[in-house]
Amino acid sequence: MAWDFETDPDYQAKLDWADAFVREEVEPLDLVWEHEQFVPLDGARRKAIDPLKQEVRRQGLWATHLGPELGGQGYGQLKLALLNEILGRSSWAPIVFGCQAPDTGNAEIIAHYGTPAQKERYLQPLLDGEVFSSYSMTEPQGGADPAQFRTRAVKDGDHWVINGWKYFSSNARTAEFLIVMVVTDPDVPVHKGTSMFLVPTDTPGVEIVRNVGLYGEPINDGTHALIHYNDVRVSADALLGEEGGAFAAAQVRLGGGRIHHAMRTIGLAQKAIDMMCERALSRETAGSRLADKQTVQGYIADSYAQLAQFRLFVLNTAWKIDKYNDYKKVRKDIATAKIVMPTVLHDIAWRAMQVHGALGVTNEMPFFRMIHGAAVMGLADGPTEVHKTTVAKQVLRDYRPIDDMWPSEWIPKKQEAARAKFADYLELEVGNL
């Protein structure tokens with residue numbers, strides 16, 4: 001038997017350090033530089049944050065998602081999951097620990113498919129935490145359907161020329177480079193005719209038309225770019241991976257990104273539970289504490305149960321990724337985590353907001369940001385509905401139809417078979433009466 005739910009003591013000590021470090025040193029960054037996580041460091045921010053990054057490196061917790069040969073720690077997805085539970089409490093924490101999305105997924109795909117020159121130019125600065133990147137895949141008219149992609153790259157001598165539109169290219173405004181997914185062969189199915197390119201954001205023709213914000217952010221001052229690729233010319237060595245191989249490569253990036261989102265969501269949902277329990281113990285109404293009210297107790301119990309189930313599932317999925325080293329083999333579980341994640345965060349944050357009463361709906365508490373974040377998680381890296389289809393197809397592969405009028409568990413037929421199996425005993429029983 002190999003079942004074990006304990007973390008080895010040495011790594012648990014690192015997690016304990018990270019928990020205290022995030023609460024005391026990193027969470028305050030969220031209040032001072034709230035929307036500047038993906039702005040390259042300079043001035044006061046660099047003076048404040050560089051020492052924190054150095055301390056993380058000293059503790060051996062920097063960029064744990066990649067192996068030592070790439071500047072990471074090689075801890076694997078399970079250890080990263082345990083760490084990300086802690087990092088999920090703070091929007092600055094992934095930056096300070098060198099494992100922020102979308103850069104983690106982009107780093108993974110360059111690590112797997114990049115040439116030595118591409119790794120030196122693009123991957124190493126990412127691992128050093130000195131630049132940011134953007135994944136430019138979604139298109140305005142196509143949403144999550146790659147069959148609707150229209151952005152094209154056409155060969156022109158030793159170069160490729162890219163034309164088209166991309167939408168929701170997160171962090172493009174502050175990114176050093178983009179990974180752009182475009183159609184290179186329109187005469188074959190899209191899954192075989194799409195390629196990826198590494199494109200510096202200052203390349204002529206890369207036009208950021210709008211910086212789309214989320215709800216509550218000023219118009220054209222967000223971080224999700226609408227980009228027009230207007231005769232963008234890149235050399236042949238900008239191709240990332242094989243020509244036509246973008247979808248195979250994307251599974252490395254998207255699989256990792258989806259599970260990393262789930263890991264951080266655990267920490268954020270736990271933070272909501274922490275706030276809910278503190279409030280329940282601290283406030284009285286109608287003659288007793290909120291913690292003594294049956295409805296509030298139900299909120300707490302439901303939240304704990306919901307998060308505990310999700311946490312165990314995510315940890316098990318991370319363990320499988322480490323075990324098989326193959327995202328495709330764990331595709332069903334990664335998609336399931338992606339399905340469950342928005343509901344878990346939404347439900348727990350909503351209950352915590354209710355327990356805080358009128359204060360809970362104000363901008364002086366973080367609950368609506370969490371609830372809005374849950375909605376975003378239901379769309380980022382593919383909408384929940386698409387992932388449900390994926391999971392259903394994967395589950396159905398393990399079953400076969402029955403060539404019979406009645407289901408295999410139809411009781412009259414099974415009862416008849418059971419009686420036939422024990423016929424000798426039943427006859428003996430009758431004979432003894």
Side-chain angles (χ1 to χ4, degrees), residues 38 40 66 69-71 102-140 142 146 149-209 225-254 256-257:
F38 289 94
L66 290 176
E69 73 282 1
L70 297 171
D103 297 321
T104 47
N106 292 344
E108 286 192 73
I109 200 169
I110 298 172
H112 277 82
Y113 294 97
T115 64
Q118 289 173 337
K119 290 177 182 178
E120 181 180 356
R121 181 176 178 182
Y122 298 105
L123 178 59
Q124 195 56 51
L126 271 185
L127 297 178
D128 292 340
E130 287 300 319
V131 303
F132 298 112
S133 61
S134 177
Y135 190 65
S136 196
M137 174 180 175
T138 301
E139 297 192 7
F149 284 180
R150 298 174 186 165
T151 302
R152 291 280 312 278
V154 178
K155 278 185 177 178
D156 183 15
D158 293 333
H159 290 77
W160 291 86
V161 179
I162 303 173
N163 279 285
W165 292 79
K166 292 291 182 179
Y167 186 48
F168 244 72
S169 297
S170 301
N171 301 330
R173 66 185 297 183
T174 58
E176 186 78 9
F177 66 91
L178 308 111
I179 297 179
V180 190
M181 191 167 176
V182 298
V183 175
T184 48
D185 186 351
D187 297 324
V188 299
V190 68
H191 287 82
K192 296 181 179 179
T194 307
S195 306
M196 287 185 186
F197 292 88
L198 289 160
V199 181
T201 48
D202 61 359
T203 304
V206 176
E207 302 171 354
I208 297 180
V209 178
L226 173 66
I227 304 177
H228 182 206
Y229 292 90
N230 185 7
D231 285 334
V232 175
R233 180 177 290 269
V234 295
S235 59
D237 60 9
L239 182 67
L240 179 58
E242 296 181 355
E243 184 179 338
F247 277 87
Q251 290 309 310
V252 171
R253 186 207 173 278
L254 294 174

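The first residue in the sequence is number 1, and the count goes up from there. Note that the coordinates shown come from a computational prediction; the quantities given were computed from them, not determined experimentally.
The side-chain hydrogen bond (donor to acceptor under 3.5 Å, both in side chains) search around R173 returns D221, not counting sequence neighbours. Residues forming a salt bridge (charged side-chain N to carboxylate O under 4.0 Å, His left out) with E243 (at least two apart in sequence, or on another chain): K155. Scored by the salt bridge (charged side-chain N to carboxylate O under 4.0 Å, His left out) test, E176 finds no partners at all (sequence neighbours excluded). Looking at residues two or more places apart in sequence or on another chain, you find a side chain to side chain contact (heavy atoms under 4.5 Å, CB included) between D237 and S235. P186 pairs by the side chain to side chain contact (heavy atoms under 4.5 Å, CB included) definition with R152, V183, not counting sequence neighbours. By the ring pair (Phe, Tyr, Trp, His ring centres under 6.0 Å) test, Y167 is found to be paired with no residue, residues two or more places apart in sequence or in another chain being considered. Every residue two or more places apart in sequence or in another chain that forms a side-chain hydrogen bond (donor to acceptor under 3.5 Å, both in side chains) with S170 is listed here: H224.
Atom CG of N106 and atom OH of Y122 lie 12.5 Å apart (nearest 0.5 Å). Remark: Y135 OH to D103 CG distance equals 14.0 Å, nearest 0.5 Å. In this structure, CG in L240 is found 4.5 Å from CG in L198, a value given to the nearest 0.5 Å.
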Without placing hydrogens or testing angles, list every side-chain donor-acceptor pair under 3.5 Å for residues 109-116, not counting sequence neighbours.
| unit_1 | atom_1 | unit_2 | atom_2 | d |
| --- | --- | --- | --- | --- |
| H112 | ND1 | E108 | O | 2.8 |
| T115 | OG1 | Q118 | N | 3.1 |

Using a 3.5 Å cut-off and no angle test, enumerate the donor-acceptor pairs between side-chain atoms of residues 188-195 and protein atoms at least two apart in sequence or in another chain.
| unit_1 | atom_1 | unit_2 | atom_2 | d |
| --- | --- | --- | --- | --- |
| T194 | OG1 | V190 | O | 2.6 |
| S195 | OG | T184 | OG1 | 2.8 |
| S195 | OG | G244 | N | 2.8 |

For residues 225-234, please give each side-chain donor-acceptor pair under 3.5 Å, one per line with the distance, not counting sequence neighbours.
| unit_1 | atom_1 | unit_2 | atom_2 | d |
| --- | --- | --- | --- | --- |
| H228 | ND1 | E207 | OE1 | 3.1 |
| Y229 | OH | S136 | OG | 2.9 |
| N230 | ND2 | E207 | OE2 | 3.1 |
| D231 | OD1 | N163 | ND2 | 2.9 |
| R233 | NH1 | D156 | OD2 | 3.2 |
| R233 | NH2 | D156 | OD2 | 2.7 |

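The shortest distance between side-chain heavy atoms of V209 and W165 falls below 4.5 Å. When side chains are defined from C-beta on, S134 does not count as touching T201, because their heavy atoms never get closer than 4.5 Å. Looking only at side-chain heavy atoms (C-beta outward), P102 and N171 come within less than 4.5 Å of each other.
Taking both residues in full, the closest heavy atoms of F132 and P40 are given as CE1-N, 3.8 Å, listed atom of the first, atom of the second, then distance. Across all non-hydrogen atoms, the minimal contact from A236 to W160 is CA-CD1, 4.1 Å.
More than 12 heavy-atom neighbours from other residues, nucleotides or ligands sit within 6.0 angstrom of CG on D202.
Counting only residues at least two apart or on different chains, the salt bridge (Lys or Arg N to Asp or Glu O under 4.0 Å) pairs with a member in residues 160-170 are E139-K166. Under the salt bridge (Lys or Arg N to Asp or Glu O under 4.0 Å) criterion, the residue pairs touching residues 120-135 are R46-E130, with sequence neighbours excluded.
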